[in-house]
Structures are given as structure tokens and as C-alpha cells.
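Numbers here simply count residues along the sequence, with the first being 1.
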Amino acid sequence: MHKRSSFFVSAVLVGCLVTASHAANMRFLNDTPITYLKPKDKTALVAEADSVLTNKADGETQQWSNKSLGNSVIIDAELSATDTVKTDAKTCRRLHIVLHAKGQDQTLSIPVCKTADGNWTVQKR
């Protein structure tokens with residue numbers, strides 16, 4: 001996995017986690033699946049996201065779980081990519097991650113592009 005690919009997904013996950021736990025008027029997000037991710041979970045989920053973006057066709061789903069990673073909270077996820085658009089300069093996709101933990105579901109949908117240097121990056125709007 002490319003370091004930048006890992007960085008972008010980690011940044012998105014950590015950003016969601018920080019936002020969820022620190023926003024005073026968003027305390028209800030404290031019990032969402034993303035808040036239960038531990039560092040080992042994040043690393044494994046990032047690797048899975050990179051694999052999905054690089055290897056899966058649009059709509060193909062990859063299952064993921066943290067069951068063997070030592071977290072007391074079991075987190076399951078489905079990852080997929082859609083809306084692939086290829087140009088000479090880059091490939092763009094939408095990464096979908098559906099997390100399940102403690103009876104709660106959380107969906108992330110992230111626009112990303114892989115540039116000529118081989119790194120996936122989040123696309124800003």
C-alpha cells in the first residue's frame with residue numbers, strides 16, 4: 001500500500017472520529033461505529049480500503065472485521081467503490097464504507113482519485 005493512500009484514508013477516519021467526539025452539539029455521534037475504532041483497526045481498515053480501490057470493480061463488496069485485532073468491540077464493515085471515471089491523468093472513484101458496531105450502522109462515502117504517481121487522494125469539493 002502506498003503511504004499517501006494510507007494517509008488519506010487515515011486522515012478521513014481520524015477526522016470523522018475527532019469531529020464525532022469533540023463537537024459539543026454532536027455528542028450523539030460518540031456511540032457511532034467509527035468512535036470504536038482502535039489504531040490497529042484503523043490500520044487494517046485503511047489497507048482494506050486501498051485494496052478495494054485498487055482491485056475491485058464498481059459495486060463489488062469486500063467484507064472486513066476487526067475480530068482478530070484485539071478490540072473488545074467487534075466492528076464489521078462492507079467496503080465498495082463505485083462511479084469509476086478514468087482519464088489519461090487519473091482514475092476517480094467513490095469509496096463506500098458501511099461500519100457496524102454495537103447495533104449501530106454508519107455509512108461513509110468518500111470521493112477519491114488516483115493520480116499518475118499511484119496515490120489515492122480525497123477530492124475536495
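Contact record, Pro33 with Ala101: CG-N, 3.8 Å, taken as the closest heavy-atom pair. Annotation for Ala81 and Val52: closest pair N-CG1, 3.9 Å, computed over non-hydrogen atoms.
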Could you walk me through whether Gln62 and Glu48 satisfy the side chain to side chain contact (heavy atoms under 4.5 Å, CB included) test, starting with their C-alpha distance in whole Å, then the side-chain angles of each, then the deciding distance to 0.1 Å, before giving a yes or no?
CA-CA 8 Å; Gln62 178 69 36; Glu48 200 70 29; 2.7 Å; yes
For Val46 and Asp50, what are the C-alpha separation, side-chain angles and deciding distance, and is it a side chain to side chain contact (heavy atoms under 4.5 Å, CB included)?
CA-CA 6 Å; Val46 166; Asp50 186 70; 5.6 Å; no
Given the rule in the side chain to side chain contact (heavy atoms under 4.5 Å, CB included) test, do Lys90 and Gln123 qualify, once you have shown the distances and angles that lead to the verdict?
CA-CA 12 Å; Lys90 61 186 174 180; Gln123 297 306 290; 4.1 Å; yes
Candidate pair Ile97 and Gln106, rule side chain to side chain contact (heavy atoms under 4.5 Å, CB included), full reasoning:
CA-CA 8 Å; Ile97 303 173; Gln106 187 172 22; over 6 Å; no
Kindly indicate, with the supporting measurements, whether the criterion side chain to side chain donor-acceptor pair (under 3.5 Å) is fulfilled by Thr82 and His96.
CA-CA 8 Å; Thr82 60; His96 303 278; 2.8 Å; yes
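Proximity of Asp41 to Trp64: side-chain heavy atoms (C-beta onward) are separated by under 4.5 Å at one or more points. Between Thr91 and Val85 there is no side-chain heavy-atom pair separated by less than 4.5 Å. No side-chain heavy atom of Leu99 sits less than 4.5 Å from a side-chain heavy atom of Tyr36. Residues Lys67 and Asp76 form a side-chain contact, since some pair of their non-hydrogen atoms from C-beta on lies under 4.5 Å apart.
Both Val73 and Leu69 are assigned to one and the same hydrophobic cluster, defined by single-linkage of ILVMFWY side chains at heavy-atom distances under 4.5 Å. Leu45 and Val98 fall into different hydrophobic clusters, where Ile, Leu, Val, Met, Phe, Trp and Tyr are joined by side-chain heavy atoms under 4.5 Å apart, directly or via other members.
Taken from OG in Ser68 to CD1 in Ile74, the straight-line distance is 9.0 Å, to the nearest 0.5 Å. Rounding to the nearest 0.5 Å gives a distance of 12.0 Å between NZ of Lys114 and SG of Cys92. Summarising the geometry, atom CD belonging to Gln104 is positioned 10.5 Å from atom NZ belonging to Lys102; distances are rounded to the nearest 0.5 Å. Rounding to the nearest 0.5 Å places CH2 of Trp120 at 6.0 Å from OG1 of Thr54. Rounded to the nearest 0.5 angstrom, Arg94 CZ and Leu53 CG are separated by 12.0 Å.
There is a side-chain donor-acceptor pair under 3.5 Å between His100 and Glu78. Residues Thr61 and Gln63 have side chains that never bring a donor and an acceptor to within less than 3.5 angstrom of each other.
A donor-acceptor pair is defined here as one N or O able to donate and one able to accept, closer than 3.5 Å; such a pair exists between the side chain of Thr35 and the backbone of Thr32. Not one N or O on the side chain of Asn66 forms a donor-acceptor pair closer than 3.5 Å with the backbone of Ser72.
Listed by chain and residue number, nothing satisfies the side-chain hydrogen bond (donor to acceptor under 3.5 Å, both in side chains) test with Glu60 (two or more places apart in sequence, or in another chain). Taking the side-chain hydrogen bond (donor to acceptor under 3.5 Å, both in side chains) definition, one finds that Asp83 meets it with nothing, sequence neighbours left out.
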